[in-house]
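Any value given below was found using the heavy atoms of this structure, including those in side chains, with hydrogens, waters and symmetry copies removed. Naming convention: chains lettered A, B, ... in sequence-line order (proteins, then strands); numbering from 1 in each chain.
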Amino acid sequence: MELERVKERVLEGRPGFPRAYGPARVDHQPGIPLFPQEATRDLVVIFLLTAIMFFLSSYLTPFLGPARSPQISELIVPDWYLLFSWGLLKIADIFPTFTLGAGTPLAAEFNPVFWGDVLSGIPIIALLLLPFLDRGREARPAKAPIRSAIGTASIAAIFTASLYSIREVISERWLSPNGAPLIPDNTQKWFFVIPPILVGLVTYTALRRLGYQPMRRWLVPNVTVPAIIVCAQSAAILLLPGWLGAEALPYVVWIAVHLVLLSAASAAVAVAVIALPETRARDVSAWTIVLAVLAFAGLSIYMDATDRNGYSWVLSVLYPNMNTLLLLPMFAVMTAWLGTRRPYSTYEYLLNECYQCGKCHTVCPVTKVEDDALGGLNLVYNTFKKQHDGVPLWTCLACDACSAVCPLDIKYSDYILEERAKVHAKMAADGGEREWP
Amino acid sequence: MAVTETEYGPGRTIPHPVMFRVLDSEAEDTTIPEIKVVHKAEVAYYPGCVDYYDVEMQFSHMNYGDTNHGIIFDSSIKLLRAVGIEPMVLDRSFMKCCGHDQLWQGKVDVFEKMRDYNTRIIKMLGVKTLVTSCAEGYRTFRLDYKLDGVRVVHITQFLYERGLRIPPQPETARKVRVAYQDPCRSCRQMPVGAVYEEPRELIKRVDNAELVELKTFRADAQCCGVAQMMYCNDKTKGLTRKRMDEATEVQADYLLTACPKCLTHFGCLHHENRWKPGEERYGYKVMDITQFLAERLPGDYPTGGNVDARRKEPPLPGRKGGGS
């Protein structure tokens, strides 16, 4: 599309949004400094609370009842919000066990207990370090894509860790028809780490894209590599001998239907992202999502009603490989859909921050001389509200007096560049010059 | 499509002056002519469109040559020589316009052509430092071009860092009050390398000049009134007048600027408000900062300062040059 191309070209090479245009900000608000004033006061409060707790726990300990015997229940789990910590302790057995300096007084034993402590400490340490690592002032996710990606990945990690903490329950509850656990422990271990990584990648790609970055360099590998992996593994399962057990062979048609569906979905978006223009690729990925979900739902309803045994065998192929066969297609279509997302217009994106303090109108030199200003002409506001017939756009001098006083560093001149380019692109598309409006 | 009556009245269209027609058509031709480099150097000076402005101003009867844009070129060369630099001049015979106005008028296609052509030539000539005497050129080359490895500086920055020394003025020279207009393109709009201090420091080096600040200055400086040559009407004139009145209020003797566009619009209003010689609304001179500094240096202008030697006095005012 002509407009898209012009916009791309105007904004090409502009280093993203948090572009620090304008003079350095000097209008920091005065206030009471954190150190030492606020810190002293807070310390007093902290000591007081600690003293109260010591007092209460020493003299007023309530009777909590007798400890529950571990024999009463077979499954003891912590409260749900602590499951992730339990999961971290359980995953610790993947780390090697060894002893440093054995035989000396300084022998240090590296065992699962130690690794579990380390893993449980990592989130706390990360939270402590966060204020020192991330000094940016941007609070909006799209302006801080790396931080947001780490955040969503951490949330995903909390879920996967919680899931892993009940690995015994999962292994006992869901069995494949031949009696083995439906989801082997190895798969569960990989499911611990892979979803957070994929979620982080999707978030980063989508948010950078929202911030007008051309994300093709990220998009193409992120969609193509999963598609290749899924197709290759599906082909291997179906064609190579030894991958499907002898008991599953009668149901190979249904298994093939599922595998082809997954491979087709991921291959479709990969081809679309590589070959089609972005708007078309977005359409293709959206339709892929819709059709794949409908097909899967239809298939499972149909098989549940007709051939439950066959469905168990299909699942016994899919679930042990869920990190590749199920996660990667979802990752590919989501990345394709979000990564080709039409970004905000620059101005819309930036002006979402505006809290309409009106400083820009006060300093705008045009409104000082335009008679229309008495009738309410406000270049910035009228354009934002799309209440303009072109006058605010072409009357603007792009002198950036508004941006110089803007408390949020919104660049009005970016908008001017973009909109004027659009008008000329329209003129060119109409085959010649056109009077405004 | 005819001009539509909007609620804001007709005529709110972009007037494309002849100059832009010329520049746009010039951008179409991307063949590189044979370039004769008289003086090969790593420091290049790009004078910009100053010659076009002189032609355009006289063509559209805005003034008759007393606002001299061409002298910016001569002054810059003189100043650069004074700090020991003999620059390679990126002449308009093989360079194109930097494309600032085209970009800000929305003509991205034209801007792209100019940018690619100019970038190619700058890379071809092996320029390391690109000096420009124009605020718009400074912004455009620095922000909108992708000149990796080429340092783009405004001439005031360059003179300041090379330590330009203005010799003591003669005893007879009277004290002058000098006001400086911050062009928006080189000041507010620059994320890095905003040119605020360097021109002021250079003005302070002239011993009989006293720097006075206008009512609005530095990042708050009011625009000269017309941006990217979009229109000229009573409203824009009103803005220019507001700015020039600020200089009157501080009783300035000189209103300096670092942008040829500001010079154009100030000069236009200066000319328009002078019905007879000597009867001026604005009792100060408007000139570019390079001209002001170069006049205070000994020696002549390299090429005669673009001044018509046959003309002994300023032309008569009036629409047709003093005639009927």
Quiz item: Passes side chain to side chain contact (heavy atoms under 4.5 Å, CB included), A:L397 versus B:L239? Steps please.
Solution: CA-CA 11 Å; A:L397 301 168; B:L239 278 178; 3.5 Å; yes

Quiz item: What residues form a salt bridge (Lys or Arg N to Asp or Glu O under 4.0 Å) with B:K128, not counting sequence neighbours?
Solution: none

Self-check item: B:R188 and its side chain to side chain contact (heavy atoms under 4.5 Å, CB included) partner, picked from A:S403, A:C402, A:C399
Solution: A:C399

Practice problem: Check the surroundings of atom CZ in A:R280: do more than 12 heavy atoms from other residues, nucleotides or ligands lie under 6.0 Å from it? | Solution: no

Practice problem: Might you confirm whether atom OH of B:Y145 has over 12 heavy atoms from other residues, nucleotides or ligands at distances under 6.0 Å? | Solution: yes

Quiz prompt | Proximal component of B:R185, with respect to chain A [non-hydrogen, under 4.5 Å] | solution = side chain

Quiz item: B:Q222 side chain to A:C364 main-chain N or O, any donor-acceptor pair under 3.5 Å?
Solution: no

Quiz item: Does a sphere of radius 6.0 Å around CD1 in A:I146 hold more than 12 heavy atoms from other residues, nucleotides or ligands, not counting ones at 6.0 Å or beyond?
Solution: no

Quiz prompt | chain A interface, residue from B:A194, B:P183, B:G225, B:A221 that has the most non-hydrogen pairs under 4.5 Å | solution = B:G225

Quiz prompt | chain A contact via B:K237 - side chain, backbone, both or neither, heavy atoms under 4.5 Å | solution = neither

Quiz item: Under the 3.5 angstrom rule, does the side chain of A:R420 hit a backbone N or O of B:W104 as a donor-acceptor pair?
Solution: yes

Self-check item: Counterpart residues, salt bridge (Lys or Arg N to Asp or Glu O under 4.0 Å), relative to B:D182 (two or more places apart)
Solution: B:R200

